[in-house]
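First comes the structure, then the notes that go with it.
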Amino acid sequence: MPTFHFNTRRNLLELTGLKARNIKELLEGLRSVPRSVIYYHTHHYLQQHQYLYPEPPNDFAYWVREVLGEKQLGEELFAIDLCQFPDLERLRDRIIALLEKYLEKNNLITVHPGAEFHFIRSISFVFPTLYQADNLAEFVQALKKVSIHSLYFHIFEATVRLGKNENDFSRWLRESLHEDGLADRITRLDPYTQTMEGLRNRICSLVEARIKDINNAQAR
Amino acid sequence: MPKLADYEPILGSQVIEELFLLAERLQGKTIQNINSTSVGGGVAEILNRMIPLLHELGVDARWDLIKGGEAFFNVTKRMHNALHGAEVDLSPSEIEIFLSTNQENAGMINWSGDIVFIHDPQPIALVEKRKEIGRNWVWRCHIDFSSPHPPVWEFLRGFIEQYDAAVFSAPAFARQLPIRQALISPSIDPLSEKNRELSQKEILSVFEKLKIDPEMPTLTQISRFDYLKDPFGVINAYKQVKRYIDCQLILAGGGAVDDPEGNLVYQQVLEKAGNDPNIHVLLLPPSSDLEINALQRGSTVILQKSLREGFGLTIAEALWKKKPVVASAVGGIPLQITHKYSGILTYTVDGTAFWLRQLLQSPEFAQKLGDNGYQHIHQNFLISRHIKDYLLLFISLYHPGEEVVYL
C-alpha cells in the first residue's frame, strides 16, 4: 500500500510588465499571457486572504467591479464556478467570452493612470514536507499539522495546474485505501467557497467520522 | 537578536519548518548583499534583521557596503528624486562621479557571492564587474518606480538589463524589460525593537521623555524628513482637523547617511510648524526604534501622506499595532491598505483631513480598520514571507524558464 507523502508548494510572483487600462486591453492581455498568469489571478486569493470571508474570487472580477466600476460584468466574472473549469485554458476561454460579450454592447471605459490591471505570473515550487501517512489515523494527524500551503497543493495545484483528474487526497484514499465513499465526499467539497483552515477542518471531520464508523463496525 | 524559535508563537511551526526545507536547497551557495548604508532607511533595517535569520537557516548570506563621498550621495539623491518622477537631469560630471565611485568600489569589494544581490540604484553599476567574474546577479529596487524621469530611467536601464533578474515591491513598478521581474514586497519583523509588544508603562515613559501629552488625541507620521513624504501637507491637514478637534501632531523621523537633503527639509518643517505647541517635530537618532514603537502605539491615528512611496513600511508597522492608518494611494501603499477595510487611502490634503476627522470621531470604525489591517499584515507582510520569497528567488536562478519547479 503506497504511503501518502505530503508535499507543499510555495510560489514566487513575477511581473510581466503587461497592464490593461480597459476591457479591450484586458481581453488582449488575456489572449496572450501564459497559463501561469490565468492561474495566479484566479487562485492566489485562496492563500493570500485567509481571514477574509467571503473572499474576493478572482482579480479580474475584482478589478472590473471595484476599479472599472462595471458591476454586472464584475458579477459575471465573480460568479464563474471555478470547480467547473479545472483546465486553465477552458477557464481562460470562459473569461474571454464574457469580456467579448461585454464589448459588443458597451462603450469603453478607461481607468486613470495608477489604477491599471497588472498581469502577474506565478512560479510554483513543490517540495516534500516531513509528514506522511499509511492509514486514515496517520493521515488525519498529519493533515492537522501541515501548513495550509500543503493542503492547497494537494487540493488545488494538483488538479488545476498539474492537470490531475482528482485532488491528491481523494485519489490516494480511493486507490490505496479503497475508501471510495470518503474520497467522493472530499471531492464533492466546494473548496473555492471556504477558507483553507475551514477546508482543513471539513476534511479532518470527514476522515474522523469515517474512522469512528470503522471502529464502531469493528466493535459490533 | 531573536532566534527563529522565538517567532513560532506568531508564525506557527509549519512556516518555520518550510523555511528550513527551502534553505536546504541553497546549501553551498553564498548570497552577497550590497547596498550603500548600514543604518537609516528601510533597506538597512531589513538586512539587519534578515541576515542573522538567514544564517540560522543555514544560508551563507553576507552584506557589503559601498563607500561614497558627499558628492556621490548628492548625485544618488538627485537620481532617487528623478526615479520618483522629479524632472532632474544628471550632468556629465554627475554621471562621471556616479560611475567612478561604482568602479572604485567594484575594485575593492571581495566578490564572494555565488548570487550578487544589489540593493537600490546607488551600487547598480557594480554589475559591470559581471563581465569579469560571472555569477548570478539580482537587482533589488526598493523605491517607487511607477513614473521615473525618462532620461534617468534610460541611463539605469543599461545596467538593469545586465542583471539576471530585478525585484520590485509593487506591480505598478514593473517595466517592459528583457529580464525576469520578481514581485517581492518588503516586510516588518514583529520581534524587533520597533514592533515588539510594549507595556503601557513603556509607552508613557517615551511620551513623557519627549514631552508629549499622552491623553490628547494624537496624529502621527513617522518618516524621514523628505519632500516626498509631504510633511507640509501633513501639517496642512492637521490644521484643518484642529479647527474641530483638539488634537496634536507628531512628525518624527531620522536621517540616513545616503540622504543629504534631510536636514534642510527638517528645518523647513520646523519653520512651517511655527510656534504651535501641539505640533511635535522630532529628529530622532538612528537608535530610536523603541521611541518609534511607543509613538505609534500611543497614537490615535497614523498618517503616511507620501507623494511617492517605494512600499511604506511605516504603514505595516502601524497596522501590526492595530492602529488606523490614513495614507496616500501611491507606490506600495495600496498593497497594504484596502480603502475603508484595512485603512483609508487618500489623494489630497483635504481628503486626508476629512478622514482624520472621521476616524477621530468614530473610534469603533477606526479600531475595526486597525484590526483588519493587523490580520492583513500578519498574513502577508511579516519577515518570514519575505525570507521565503528571497529563498525562492535565489533557488529560481538555478531553474531558469521553469513554471513548476520540483525541489
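Naming: A, B, ... by sequence-line order, numbering from 1 per chain.
For A:Arg35, no part lies near chain B; criterion is any non-hydrogen pair under 4.5 Å. Heavy atoms of B:Ile184 lying under 4.5 Å from chain A belong exclusively to its side chain. If you measure heavy-atom distances from B:Ser396 to chain A, the contacts under 4.5 Å come from both the backbone and the side chain. Heavy atoms closer than 4.5 Å to chain A are found in the side chain of B:Thr338, but not in its backbone.
Contacts with chain B were tallied for A:Val146, A:Ile120, A:Thr16; A:Val146 has the most, counting heavy-atom pairs under 4.5 Å. With respect to chain A, the highest number of heavy-atom pairs below 4.5 Å among B:Leu407, B:Leu392, B:Leu22 belongs to B:Leu392. The choice from B:Arg175, B:Glu17, B:Glu402, B:His399 that makes the most heavy-atom pairs within less than 4.5 Å of chain A is B:Glu17. Note on B:Gln176, B:His378, B:Arg25, B:Arg385: by heavy-atom pairs under 4.5 Å with chain A, the leading option is B:Gln176.
Checking side-chain atoms of B:Gln14 against main-chain N and O of A:Lys145 turns up a donor-acceptor pair under 3.5 Å.
Side chains of A:Thr8 and B:Glu18: a donor-acceptor N/O pair is present below 3.5 angstrom, by distance only.
Taken from OH in B:Tyr406 to CG in A:Asn7, the straight-line distance is 9.0 Å, to the nearest 0.5 Å.
Scanning both residues, B:Ala174 and A:Leu15, for their nearest heavy atoms gives CB-CB, 3.7 Å. B:Leu21 approaches A:Pro128 most closely through the heavy-atom pair CD1-O, 3.5 Å.
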